[in-house]
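Right, one structure below, let's go through it.
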Amino acid sequence: MNDSVRVRFAPSPTGGLHLGGVRTVLFNYLFAKHNNGKFIVRIEDTDQSRYVPEAEEYIFNCLNWVGLQPDESPIHGGDYGPYRQSERKEIYKKYAEQLVRDGFAYYAFDTQEELEKMRQDFKTTHNHSQQYDHSVRMKMKNSITCSTEEVNTWLKEGRSHVVRIKMPKHENVSFKDMIRGEVHFDTSVVDDKVLLKADGMPTYHLAVVVDDYLMKISHVFRGEEWLPSAPVHILLWKYLFGIDAMPQWAHLPLILGPVGKLSKRDGAKHGFPVFAMNWTDKNNSEKTEGFKEKGFLPEAFINFLALLGWNDGTEKELFSKQELIQNFSIDRVHAAGAKFDYEKAKWFNHEWIKRLELIELKSKVKDFFSAQQFEINDSTFLEKVIELVKDRCTLLTDFYPQSIFLFETPTQLDIASIQPKWDNKKNIFFTEWILQLTEMINWDATYIEENFKALTNLHNIKTGDLLLPLRIMLVGGKFGPPVFQVAALIEKKETIKRIENALKLFNS
RNA sequence: GGCCCGUUCGUCUAAGGGUUAGGACACCACCCUUUCACGGUGGUGAUACGAGUUCGAAUCUCGUACGGGCUACCA
């Protein structure tokens, strides 16, 4: 449809990658791929105080895990680099100065203390926090209020200063959002945002406009939290590159937690992950659990994320990445925020565990066993195990408890649930069954079951009364696949061994 | 406080003037299952409120209420 589609995800390397961040990546990616366009990742590392060195690598690891690979990025290369804003510092400075020259921005020399004083002085019951805007601009220390000589001297002295945009008074700025339609702002209520900080780094507002222009970004998908600063960006586009060159905007609905915008805290409080992968905060060693380690499949993860704010208009809910690419369209993204539902997320995962190719599932299950210090070598056996238990596994972490007894003898038996009804009659039955099992030649589930039932008849005991004891003997608890299939899988020798051991325990 | 965005079952959503307001998750009941699940059938459950436009409004308009976001030399 359009081969000049270029979109970008622009994370700030300050910590773990949030659910909402991944959803933004997803919509960018799907839009790009649907339109044969390019998906770019740009690192917005302009805040030196919040910069976390490990975060960038972590972000790319997450993208790798979910399978949303960038076409261009600091590590994938590309023709529009550098892709880290810290490496583009000089570029922004040039544009900031151009804006000052053209009268769209100005130097401001106010110290932190002076800013604080201003906010206090102008604070009223009706104005919680006074902005640095047209109403106070003339009372502050900047290149509009001070003489040219003064300003030049300060500049020469290297006095600490920022560049601020000069918001026009009473101008209507509007643009067409792809999701929300026309959105209007009165520039009088927008403040004179800082464009270039005292350390020479740009703020987001300047950098985003400059880089989107230089990197030829055609469409911008970002979270709804950016909507209020859109007028600043629109004006910068107008001043710097012309409104015709401006990309199309789409402000994505927020992903909500139990109270407001979903946060890391919500996850900790309610026991669900919020980050894509495990993240450890180096400062306080605080660990935050990720969807990957929690046992989610990337297929399920992107599937439920896509359905948070988008649907294809049919009742279809299960989409592979390819299907998402094919069917995605921005006009089916809706405007209201979506509350994250962990139960539904788990349902998606369960569905994907059931439908994923055995080969792919196998290696993941193996990894989760390794995480429990248990190495699986017999791949064919593992396949049988997966087929047998996958219906009972919602998360990949469930495979271990749901099938470990197929690999090794259970150490803990739930004796309590059979003890009250255990008697010598049952003991005699099992003792005799062991003898029959020893003679058995056809070791398969149906055959074992038939044999078992025949013997219960002979002993005049209800089969149902013996099934649970057998299950506890072989599995250890009241769960798991059909008990004769368990016996078939663990083989004759092990079955007999487990019954013998359990018998000793039950009778003591 | 100001500005901006939003509002259909508890949750995710369909229905773009005419439907008994549909589906999915969760929940409940029954069936299947001599365990636990899967699966199957059915059920509870929603258009925030008030005006207007219209023969007819969940759908268009306005107001109110409520929810959310922003209001940093953070993104």
Side-chain angles (χ1 to χ4, degrees), chain A residues 10-14 44-47 49-50 108 110-112 115 119 123-133 160-164 177 179-180 183-186 188-191 193-205 207-208 222-231 251 253-254 256 258-261 304 307-318 331-332 334-348 350-351 354 389-394 398 402 414 417 453 462-468 470-472 475 477-483 486:
Chain A
S12 178
T14 53
E44 309 224 330
D45 53 350
T46 54
D47 186 349
S49 63
R50 293 205 307 156
D110 316 275
T111 63
Q112 289 301 332
L115 287 173
R119 287 187 190 113
K123 196 167 149 185
T124 65
T125 42
H126 294 295
N127 190 355
H128 291 174
S129 141
Q130 174 62 48
Q131 303 191 115
Y132 198 121
D133 61 18
S160 179
H161 67 277
V162 300
V163 173
R164 285 180 183 273
D177 187 274
I179 296 170
R180 283 149 224 284
V183 185
H184 304 265
F185 298 89
D186 178 352
S188 295
V189 298
V190 183
D191 61 335
K193 289 263 182 265
V194 170
L195 265 20
L196 204 66
K197 301 187 259 190
D199 64 4
M201 281 288 191
T203 59
Y204 173 83
H205 304 106
V208 73
R222 50 157 40 163
E224 191 190 342
E225 72 265 30
W226 291 108
L227 205 44
S229 55
H251 290 89
L254 258 21
L256 274 12
V259 283
K261 192 160 78 160
F304 83 73
L307 274 283
L308 237 35
W310 173 86
N311 71 83
D312 75 341
T314 73
E315 280 168 3
K316 185 175 164 73
E317 291 195 283
L318 263 15
D331 31 71
R332 289 210 61 93
H334 71 165
K339 202 176 281 187
F340 170 64
D341 181 357
Y342 188 49
E343 292 306 318
K344 184 91 186 229
K346 284 196 290 192
W347 175 79
F348 274 105
H350 194 187
E351 292 302 311
K354 287 189 281 180
V389 305
K390 68 178 182 182
D391 281 356
R392 284 150 234 267
C393 296
T394 301
D398 293 335
Q402 285 293 342
D414 179 8
S417 53
K453 285 182 175 167
K462 274 188 283 179
T463 311
D465 292 344
L466 292 167
L467 242 22
L468 189 62
L470 180 61
R471 169 167 298 279
I472 301 295
V475 175
K478 288 194 275 188
F479 64 96
V483 70
V486 172

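Nearest nucleotide to the R164(A) side chain, out of rG68(B), rC73(B), rU13(B): rC73(B). Comparing rG68(B), rC4(B), rU35(B) by their nearest atom to the side chain of L227(A) picks out rC4(B). Of the candidates rC3(B), rA75(B), rA24(B), rC3(B) carries the atom nearest the F185(A) side chain, counting heavy atoms from C-beta on. Side-chain atoms of E343(A) lie closest to rA26(B) of the nucleotides rA72(B), rA26(B), rA75(B). The nucleotide whose nearest atom lies closest to any side-chain atom of R119(A) is, among rA14(B), rA72(B), rU71(B), rA72(B). When distances are taken from the side chain of W226(A) to each of rA75(B), rC73(B), rU34(B), the shortest belongs to rA75(B). Of the listed nucleotides (rU34(B), rA75(B), rU13(B)), rU13(B) has the atom at the smallest distance from the side chain of A338(A). Listed nucleotides: rA14(B), rG6(B), rG69(B). Nearest to the side chain of A335(A): rG6(B). Side chain of H350(A), nearest nucleotide from rA75(B), rC38(B), rC3(B): rC38(B). Between rU13(B), rC5(B), rU35(B), one nucleotide has an atom nearer to the side chain of H334(A) than all others, and that is rU13(B).
In this structure, NE2 on H350(A) lies 10.0 Å from NZ on K390(A), to the nearest 0.5 angstrom. Atom NZ in K453(A) sits 7.5 Å away from atom CG in L467(A) (nearest 0.5 Å). Summarising the geometry, atom NE2 belonging to H251(A) is positioned 5.0 Å from atom CG belonging to L227(A); distances are rounded to the nearest 0.5 Å. Distance check, rounded to the nearest 0.5 Å: CD of E44(A) to OG1 of T14(A) gives 11.0 Å.
Between rC36(B) and rG42(B), the two C1' atoms lie 24 Å apart (nearest whole Å). The gap from the P atom of rC5(B) to that of rC9(B) amounts to 22 Å, rounded to the nearest Å. On the P atoms, rG6(B) is 15 Å away from rA14(B), given to the nearest whole Å. For the C1' atoms, the distance linking rA15(B) with rA21(B) amounts to 7 Å, nearest Å. Comparing the same atom, P, in rG50(B) and in rC28(B) gives a spacing of 34 Å after rounding to whole Å. Spacing of C1' atoms, rG69(B) relative to rC74(B), comes out at 16 Å, to the nearest Å. Taking atom C1' in both rU7(B) and rG63(B), the straight-line distance is 15 Å, to the nearest Å. Taking atom P on both rA48(B) and rU13(B), the two are 15 Å apart, rounded to the nearest angstrom.
Take the nearest nucleotide of RNA chain B for F340(A) and for T203(A): the residue whose nucleotide is more 5' is F340(A). When each of Y204(A) and H126(A) is assigned the nucleotide of RNA chain B bearing its nearest heavy atom, the one mapping closer to the 5' terminus is H126(A).
Base pairing of rG52(B): its partner is rC60(B), meeting the Watson-Crick or G-U wobble criterion (both donor-acceptor distances under 3.5 Å). Pairing partner, rA65(B): rU7(B), with both Watson-Crick or wobble hydrogen-bond distances short of 3.5 Å. Under the Watson-Crick and G-U wobble criteria, each requiring two contacts below 3.5 Å, nucleotide rC70(B) is paired to rG2(B). The pairing partner recorded for rU20(B) is none, the criterion being a Watson-Crick or G-U wobble arrangement whose two distances lie under 3.5 angstrom. Across all strands shown, nothing is found opposite rA14(B) as a Watson-Crick or G-U wobble partner with both distances under 3.5 Å. Across all strands shown, nothing is found opposite rU47(B) as a Watson-Crick or G-U wobble partner with both distances under 3.5 Å. Base pairing of rG39(B) is made with rC31(B), judged by Watson-Crick or G-U wobble geometry with both donor-acceptor distances under 3.5 Å.
Side-chain atoms of T463(A) and base atoms of rU34(B) include a donor and an acceptor less than 3.5 Å apart. In the interface, the side chain of R392(A) is paired with the base of rC36(B) through a donor and an acceptor atom under 3.5 Å apart. Between the side chain of H128(A) and the base of rG1(B), at least one donor-acceptor pair of N or O atoms lies under 3.5 Å. Not a single donor-acceptor contact under 3.5 angstrom links the side-chain atoms of K344(A) to the base of rA26(B).
Rounded to whole Å, the distance from CD1 on I472(A) to C1' on rC36(B) is 11 Å. Separating the NZ atom of K354(A) from the C1' atom of rC25(B) is a distance of 13 Å, rounded to the nearest angstrom. Rounded to whole angstrom, the span from the CD atom of E315(A) across to the C1' atom of rC25(B) amounts to 14 Å. Per the geometry, CD belonging to E224(A) stands 16 Å off P belonging to rG67(B), to the nearest Å. Put simply, CD on Q131(A) is 13 Å from P on rC4(B), counting in whole angstrom units.
Note: H205(A) and W226(A) have perpendicular aromatic rings, judged against thresholds of 30 and 60 degrees for the angle between ring planes.
Using a 4.0 Å heavy-atom cutoff across all strands shown, P481(A) reaches at least one base atom of the nucleic acid. Nucleic acid contact class of L308(A) (heavy atoms, under 4.0 Å, all strands): sugar-phosphate only. Contacts of V194(A) with the nucleic acid, taken as non-hydrogen atoms under 4.0 Å apart, involve only primed sugar atoms and P, OP1 or OP2. At the heavy-atom level, K261(A) lies under 4.0 Å from the strands shown only through sugar-phosphate atoms. Heavy atoms of R222(A) sit nowhere under 4.0 angstrom from any nucleic acid atom. Base engagement by Q112(A) is indicated by at least one non-hydrogen atom pair under 4.0 Å involving a base atom. At a threshold of 4.0 angstrom between heavy atoms, the contacts of G260(A) are confined to the sugar-phosphate backbone, with no base atom among them. Among the heavy atoms of the strands lying under 4.0 Å from R180(A) are primed sugar atoms or P, OP1, OP2 only; no base atom is included. At a threshold of 4.0 angstrom between heavy atoms, the contacts of N127(A) include nucleobase atoms, whether or not backbone atoms are also involved. Across all strands, P482(A) comes closer than 4.0 Å to base atoms (heavy-atom distances). Within 4.0 Å (heavy atoms only), F304(A) reaches no atom of the nucleic acid at all. When heavy atoms are screened at a 4.0 angstrom cut-off, D110(A) is found touching base atoms of the nucleic acid. G309(A) comes within contact range of the sugar-phosphate backbone alone, with a heavy-atom separation under 4.0 Å but no base atom that close. As judged by a 4.0 angstrom heavy-atom cut-off over every strand, K339(A) is placed among residues touching the sugar-phosphate backbone only.
Put simply, the side chain of E351(A) reaches to within 4.5 Å of the side chain of W347(A), judged on heavy atoms.
Residues A338(A) and L308(A) come closest through the heavy atom pair CB-CG, 4.1 Å.
For R392(A) and F479(A), the positive end is not near the middle of the six-membered ring at less than 6.0 Å and at most 45° from its axis.
Taking syn as a glycosidic angle within 90° of 0, rC38(B) qualifies as syn.
Residues K344(A) and D341(A) are not paired through a salt bridge, judged by the lack of any N-O separation under 4.0 Å between the basic side chain and the carboxylate.
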Apply the test side chain to side chain contact (heavy atoms under 4.5 Å, CB included) to residues V486(A) and R471(A): give CA-CA distance (whole Å), side-chain angles for both, the deciding distance (0.1 Å), then the verdict. CA-CA 9 Å; V486(A) 172; R471(A) 169 167 298 279; 5.6 Å; no

